[in-house]
Amino acid sequence: MEKPQRILGSSPVTGCGGRDRGVDDHSSRVEMHWSQAIAREIIAHRGEEKHVVATGITPSGDIHIGNLREIIIGDAVRNALCELGVEARLIYVGDTFDPLRRRYPFLPPEYEEHVGKPLSEIPDPEGCHSSYAEHFLSPFIESLDELGIEVEVFRADVMYKSGWYEAEIREALLRRDDLARILHESSGRRLPPHWSPFAPLCSACGRISTTTVTGYKLDGGEGEGKGKGEVYYRCECGNRGTASLSGGGKLAWRVDWAARWKILGVTVEPFGKDHAAPGGSFDSGKRIAEEIYNFRAPYPIPFEHILLRLSEVEGGDTGDEGGKRRRRVTAMSSSRGTNIPVREILEVVPPEILKYLIRRVRPERHIEFDPSMPLLHLIDEYERDTGGIGTGIAARIPFRHFLTLVQVARGDDTRELLAVIRRSGYEVPEDAEEELAAIRRKARYALNWLRRYAPDELKFELLRSLSESELVKELSDAQRRALLMIAHHIRHEHELGGGKRLSATEWHNKIYEVANALDIEPGEVFRAVYIALLGKPSGPRAGWLLASLDTEFLRERFEAAAAGK
RNA sequence: GGGCUCGUAGCUCAGAAAGGUAGAGCAGCGGGCUUUUAACCCGUCGGUCGCGGGUUCAAAUCCCGUCGAGCCCGCCA
């Protein structure tokens, strides 16, 4: 087992490869990414030559970044296994056959009648997909594509309807008493006398949670899993009926989980720590797998939840870290509205950031996700580590600078944005469609982040007219003189230099030049410039701001502000 | 009540699987052309590793206890 060790074995693209070198000279141990350590564990404790890493979720609401952790962990471990030369697949099971447990706040009142029906059999509340389950599942699957995670997707309702579960359902029915005992022993849960591991789907009302099994007949099958069978039930709605083993109902959760391991050949499974506690579902699933299904339970990878941290600055414009922030840390919960759907966060940050966020923290530690400044810091860090988000020019312009650019351009109108980018010193070729697309994409992220999560001190808006700001009236005489002088300089240099533009540095120097000439504090001039342009006394680096604006506009604006109009 | 996981610099996290004098990034501070403000570069400050015991020549790392945070066992996936 003498494989060369790597530092954080992962592709540079995914963002974890950037841990710097130079530290490892004297250390005998090499830092290893947690996914590598886990992969080694798996190989050391398991004999399988092919691994199936399974993850999944019940698509009963928006799938949020908390849920994303599971699949990203699965992806990381699968990749680590592959790097160690073991064959491994990643699969994702949508629990589309689970019943709707209650009418969530985001559902209309008429959905009350769907409570208890399998998600795959309920209409899409927004009418855009084939079912309730698909409505939440398919956008998530698309997100996985954006994340570059290769995964095989299974849908529970399809698996049931196709008869994949038949043998396991038979076995469960036959060993009902053993199952009840195991569940009792592992969780302390006392099951009602009429409990059945199989919940039939009522043919009359369509519910799966209101039926009681009254009997069953299993045709003698030749060999394992060959026999058909039927289950008799009565429902709270008054109906009595017969259910088939292929889609006529589903196994109880903890039994279902174990059955699925066997059906799909699962060898590794990450899951939230709530399942991991003793007496939790993994405990019973493990016993059920081993005692009922003769299948070795997968290697468990319990992980902590992602908590949402919302920080609000008290008392307005305080500095970044200095201000007193009120912090609120909450678990993500769809029903309480404290979650951020994956599809929403993907409008704000590129997927690789989410991957980066999750991969850098070991699974057993919780992650506090704060979409405001900390998210921006994370993006900065990622860009430093990997050479930037996007390709070409877009990658060379830091995300932070994009925040200024899109605000100067007042949006993501491509023409205006490109003009601003060019003025601030980047050559953007006219015809490079790919470059332009990357720029637009990054601009879109910047804009959305500003709108949704940026603190006020990072936002600014170019005044369309000076009358929009009260502060303009309060400019001192000295400040007015300074602005006028800048305007004169612009006129002068523009004419002499034949349209020559000042660079950011030159602009910066110009401000000091003017301050010296008029013998006033540079800070006064800075404030005057910001007020004349933004209507507030501070802003992004003045040199860059000025350089990215149209010269003629600047001259007129400064003259007007100097005149106090 | 029983149990599980986590608690390392102001912040976000490595380091724990094989005990060997505490690491990174951000923030802070100081510079980078005489020149505070929101892209960059360099330097620098910063931790009794929650606390208390124990094992050991040696403990962030192993063991016991304790405090704090979150979670599970009860409904149900």
Side-chain angles (χ1 to χ4, degrees), chain A residues 8 18-20 22-23 27-34 36-38 40-41 44 56-58 60 95 97-102 119 186-190 209 250 252-254 256-257 272-284 302-305 307 309 311 319-322 325 329 331 357 360-370 373-378 380-385 388 396-405 407 424-425 457-460 504-505 508-509 511-513 515-516 521-527 529-530 537-545:
Chain A
L8 297 177
R19 197 59 55 100
D20 57 359
V23 207
S27 61
S28 52
R29 288 176 313 197
V30 179
E31 285 186 22
M32 199 190 294
H33 191 252
W34 53 260
Q36 284 275 334
I38 290 173
R40 281 162 188 266
E41 272 290 304
I57 195 173
T58 306
S60 57
D95 277 306
F97 216 41
D98 286 0
L100 180 67
R101 292 174 52 200
R102 58 196 171 86
L119 300 173
S186 63
S187 70
R189 192 173 147 205
R190 261 177 288 146
S209 53
K250 74 180 292 293
W253 155 244
R254 293 179 188 218
D256 182 306
W257 206 20
K273 64 153 177 213
D274 41 329
H275 298 301
S281 25
F282 184 75
D283 261 12
S284 31
F303 60 86
E304 263 285 354
H305 293 305
L307 306 177
R309 183 171 65 209
S311 43
D320 177 5
E321 306 295 330
R325 284 169 189 279
V329 179
L357 168 75
R360 68 209 275 270
V361 182
R362 305 166 41 173
E364 64 268 30
R365 292 184 59 142
H366 75 244
I367 295 177
E368 288 183 13
F369 181 75
D370 183 336
M373 283 310 285
L375 178 58
L376 184 58
H377 288 317
L378 187 75
D380 284 345
E381 192 181 328
Y382 174 82
E383 290 206 292
R384 268 192 305 273
D385 256 22
R396 265 186 283 141
I397 307 175
F399 188 78
R400 276 213 187 239
H401 192 43
F402 260 98
L403 296 180
T404 303
L405 295 174
Q407 293 187 92
S424 80
E457 63 260 29
L458 248 62
K459 294 187 202 167
F460 66 84
T505 318
H508 191 70
N509 291 336
I511 289 176
Y512 286 99
E513 213 176 281
N516 285 340
E521 285 298 312
E524 291 294 300
V525 184
F526 274 106
R527 275 190 287 279
V529 167
Y530 289 127
S538 64
R541 277 193 183 266
W544 289 104
L545 177 63

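Just so we're on the same page: letters track the sequence lines, and every chain starts at 1. In what follows, every heavy atom counts, from backbone to side chain, and hydrogens, waters and symmetry copies are set aside.
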What integer number of Å spans the [atom1] atoms of [N] and [M]?
{"N": "B:rG65", "M": "B:rU55", "atom1": "C1'", "answer": "15 Å"}
{"N": "B:rC13", "M": "B:rG3", "atom1": "P", "answer": "29 Å"}
{"N": "B:rG7", "M": "B:rC62", "atom1": "P", "answer": "11 Å"}
{"N": "B:rA60", "M": "B:rA9", "atom1": "C1'", "answer": "14 Å"}
{"N": "B:rC51", "M": "B:rG68", "atom1": "P", "answer": "15 Å"}
{"N": "B:rC26", "M": "B:rA38", "atom1": "C1'", "answer": "15 Å"}
{"N": "B:rC57", "M": "B:rU21", "atom1": "C1'", "answer": "14 Å"}
{"N": "B:rC11", "M": "B:rG46", "atom1": "C1'", "answer": "13 Å"}

Need to verify one output field. Residue with the more 5' nearest nucleotide on RNA chain B, A:S538 or A:S281?
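Closest to the 5' end, via its nearest nucleotide, is A:S538.
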Could you pick out which residue, A:S186 or A:A252, lies toward the 5' side of RNA chain B when each is mapped onto its nearest nucleotide?
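Closer to the 5' end of RNA chain B: A:S186.
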In whole angstroms, how far is the [atom2] atom of [N] from the [atom1] atom of [X]?
{"X": "A:H377", "N": "B:rC26", "atom1": "NE2", "atom2": "P", "result": "10 Å"}
{"X": "A:D283", "N": "B:rU5", "atom1": "CG", "atom2": "P", "result": "12 Å"}
{"X": "A:F402", "N": "B:rC40", "atom1": "CZ", "atom2": "C1'", "result": "17 Å"}
{"X": "A:F282", "N": "B:rC4", "atom1": "CZ", "atom2": "P", "result": "17 Å"}
{"X": "A:L375", "N": "B:rG25", "atom1": "CG", "atom2": "P", "result": "21 Å"}
{"X": "A:R400", "N": "B:rA38", "atom1": "CZ", "atom2": "P", "result": "9 Å"}
{"X": "A:E383", "N": "B:rG25", "atom1": "CD", "atom2": "C1'", "result": "15 Å"}
{"X": "A:H33", "N": "B:rA17", "atom1": "NE2", "atom2": "P", "result": "18 Å"}

Residues in side chain to side chain donor-acceptor pair (under 3.5 Å) with [X], at least two apart?
{"X": "A:E383", "answer": "A:K442"}
{"X": "A:S284", "answer": "A:R254"}
{"X": "A:E364", "answer": "A:R362"}
{"X": "A:S281", "answer": "A:H275"}

Output all residues satisfying salt bridge (Lys or Arg N to Asp or Glu O under 4.0 Å) with A:D256, sequence neighbours left out; order by chain, then residue number.
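Expected list: A:K250, A:R260.
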Contact list (N/O, under 3.5 angstrom) for nucleotides 62-64 of chain B vs protein:
none

What I'd like to find out is whether the side chain of A:Y512 reaches to under 4.5 Å of the side chain of A:V525, using heavy atoms alone.
no
Side-chain contact, heavy-atom cut-off 4.5 Å: A:F460 with A:T404?
yes
Scan A:G539 against the nucleic acid and name what it touches under 4.0 Å (heavy atoms): base, sugar-phosphate only, or nothing.
base
Regarding A:F399, tell me which of base, sugar-phosphate or nothing describes its non-hydrogen contacts under 4.0 Å with the strands shown.
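Here A:F399 touches no strand at all.
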If B:rG25 has a Watson-Crick or G-U wobble mate with both distances under 3.5 Å, name it; if not, just say none.
B:rC11
Taking a pair as Watson-Crick or G-U wobble with both distances under 3.5 Å, which nucleotide is matched to B:rG65?
B:rC51
According to side chain to side chain contact (heavy atoms under 4.5 Å, CB included), who are the partners of A:E41, at least two apart in sequence or on a separate chain?
A:H45, A:Y299
Hits for side chain to side chain contact (heavy atoms under 4.5 Å, CB included) against A:I57, two or more places apart or cross-chain, chain-then-number order -> A:I63, A:N67, A:Y92
Suppose we screen for ring-ring contact (aromatic ring centres under 6.0 Å, His included). Which residues come up paired with A:F97, at least two apart in sequence or across chains?
A:Y160
Sorted by chain and number, sequence neighbours left out, ring-ring contact (aromatic ring centres under 6.0 Å, His included) with A:H305 holds for none
So if I take every side-chain heavy atom of A:R254 and compare against B:rA14, B:rA77, B:rA17, which nucleotide ends up nearest?
B:rA77
Kindly point out which of B:rC13, B:rC76, B:rU5 is positioned nearest to the side chain of A:R101?
B:rC76
Does [Y] offer a backbone N or O that forms a donor-acceptor pair with the side chain of [X] under 3.5 Å?
{"X": "A:Y530", "Y": "A:A542", "result": "yes"}
{"X": "A:Q407", "Y": "A:L403", "result": "yes"}
{"X": "A:W34", "Y": "A:V361", "result": "yes"}

Can you pull every protein N or O that's under 3.5 Å from an N or O on nucleotides 67-70 of chain B?
from   : atom 1 : to     : atom 2 : distance (Å)
B:rG70 : O2'    : A:K273 : NZ     : 3.4

When only distance counts, do a donor and an acceptor, one from the side chain of A:R362 and one from the base of B:rA16, lie under 3.5 Å apart?
yes
Every protein N/O within reach of nucleotides 34-36 of chain B N/O, cut-off under 3.5 Å:
from   : atom 1 : to     : atom 2 : distance (Å)
B:rU35 : O2'    : A:Y512 : OH     : 3.2
B:rU35 : O4     : A:N509 : OD1    : 2.9
B:rU36 : O4     : A:R527 : NH1    : 3.2

Taking only the side-chain nitrogens and oxygens of A:R365, find out if one of them lies under 4.0 Å from OP1 or OP2 of B:rG7.
yes
